[in-house]
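Okay, structure first, notes after.
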Amino acid sequence: MILKIFVDEHEQDIHVPDEIITDAREYFDMIDKDMDQGYQMSRSWIENPDLTQRCQIVGDRILTALETNNKETGTLMAGYILSRVPNAYALHLNTEGDMTLYDLETR
């Protein structure tokens with residue numbers, strides 16, 4: 001599967017092998033359990049992030065992975081999004097520092 005990542009005007013495809021979607025299921029559940037405790041999203045504390053907000057949070061981790069050239073984390077986080085939103089096509093990120101503006105595009 002492929003998740004297109006747009007950071008400002010830059011586009012990059014993250015290829016996620018099907019095995020990651022299935023084999024990392026427990027890890028993805030741990031991510032959800034962590035977010036169940038609430039999460040600081042930019043300037044706001046979100047008590048119980050919904051699916052869109054969870055994808056924005058993980059999108060922020062993808063942005064960090066891209067900035068640090070950590071392809072493994074980027075692929076794993078893209079896998080999280082694709083496991084939770086199978087019809088996800090693209091994630092639009094920005095470098096302005098506000099993850100609440102990230103936009104997930106679906107088919």
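Since we're looking at a predicted model, the values are computed, not measured.
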For [X] versus [Y], what's the shortest heavy-atom pair and its separation?
X	Y	answer
Met99	Ser42	N-OG, 3.0 Å
Gly38	Pro49	CA-CD, 4.3 Å
Ile21	Gly79	CD1-O, 3.4 Å
Gly74	Ala65	N-CB, 3.5 Å
Met1	Pro86	CE-O, 3.8 Å
Leu91	Gly59	CD2-CA, 3.6 Å

>> Does Glu26 have more than 12 heavy atoms from other residues, nucleotides or ligands lying within 6.0 Å of its CD?
In response: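 Count not over threshold, so no.
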Mind checking whether [X] and [Y] sit in one hydrophobic cluster, side chains of I, L, V, M, F, W, Y counted as touching below 4.5 Å?
X	Y	value
Met77	Ile2	no
Met30	Ile20	yes
Tyr89	Ile14	no
Leu63	Leu101	no

> How would you list all residue pairs meeting ring-ring contact (aromatic ring centres under 6.0 Å, His included) that involve residues 1-35, not counting sequence neighbours?
Replying inline: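 Pairs touching residues 1-35 that pass the test: Phe6-His92, Phe28-Tyr80.
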With sequence neighbours left out, which residue pairs that include part of [range] fulfil the salt bridge (charged side-chain N to carboxylate O under 4.0 Å, His left out) condition?
range	result
residues 85-95	none
residues 67-89	Asp29-Arg84, Asp32-Arg84
residues 98-107	none
residues 14-24	none

> Going from OG1 on Thr95 to CG on Leu66, what distance comes out if it is rounded to the nearest 0.5 angstrom?
Replying inline: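 Between Thr95 OG1 and Leu66 CG, I get 12.0 Å after rounding to 0.5 Å.
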>> Let me confirm one number: the CG-NZ distance from Asp13 to Lys4, rounded to the nearest 0.5 Å.
In response: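 Atom-to-atom, Asp13:CG and Lys4:NZ are 3.5 Å apart.
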> In chain order, what residues pass the side-chain contact (heavy atoms from CB on, under 4.5 Å) check against Ala88, with sequence neighbours excluded?
Replying inline: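 Result, side-chain contact (heavy atoms from CB on, under 4.5 Å) vs Ala88: Leu3, Ile81, Leu82, Val85, Leu104.
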>> Strictly below 4.0 Å, N to O, side chains only: are Arg54 and Asp34 in salt-bridge contact?
In response: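 Answer for the salt bridge query: no.
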> Hey, mind stepping through Asn94 and Tyr102 against side chain to side chain donor-acceptor pair (under 3.5 Å) and telling me if it holds?
Replying inline: CA-CA 7 Å; Asn94 64 63; Tyr102 297 168; 5.2 Å; no
> With distance as the sole test, does Ser44 use its side chain to make a donor-acceptor pair with the main-chain N or O of Gln40 at under 3.5 Å?
Replying inline: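 No, Ser44 side chain to Gln40 backbone: no donor-acceptor pair under 3.5 Å.
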> Does the side chain to side chain contact (heavy atoms under 4.5 Å, CB included) test come out yes or no for Cys55 and Ile57, once each step is laid out?
Replying inline: CA-CA 5 Å; Cys55 289; Ile57 292 165; over 6 Å; no
>> So Val58 and Met35, do their side chains get closer than 4.5 Å, heavy atoms only?
In response: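 Counting from C-beta outward, Met35 and Val58 do come under 4.5 Å.
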> Are any of the side-chain heavy atoms of Pro17 and Thr75 separated by less than 4.5 Å?
Replying inline: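 SC-SC contact between Pro17 and Thr75 confirmed.
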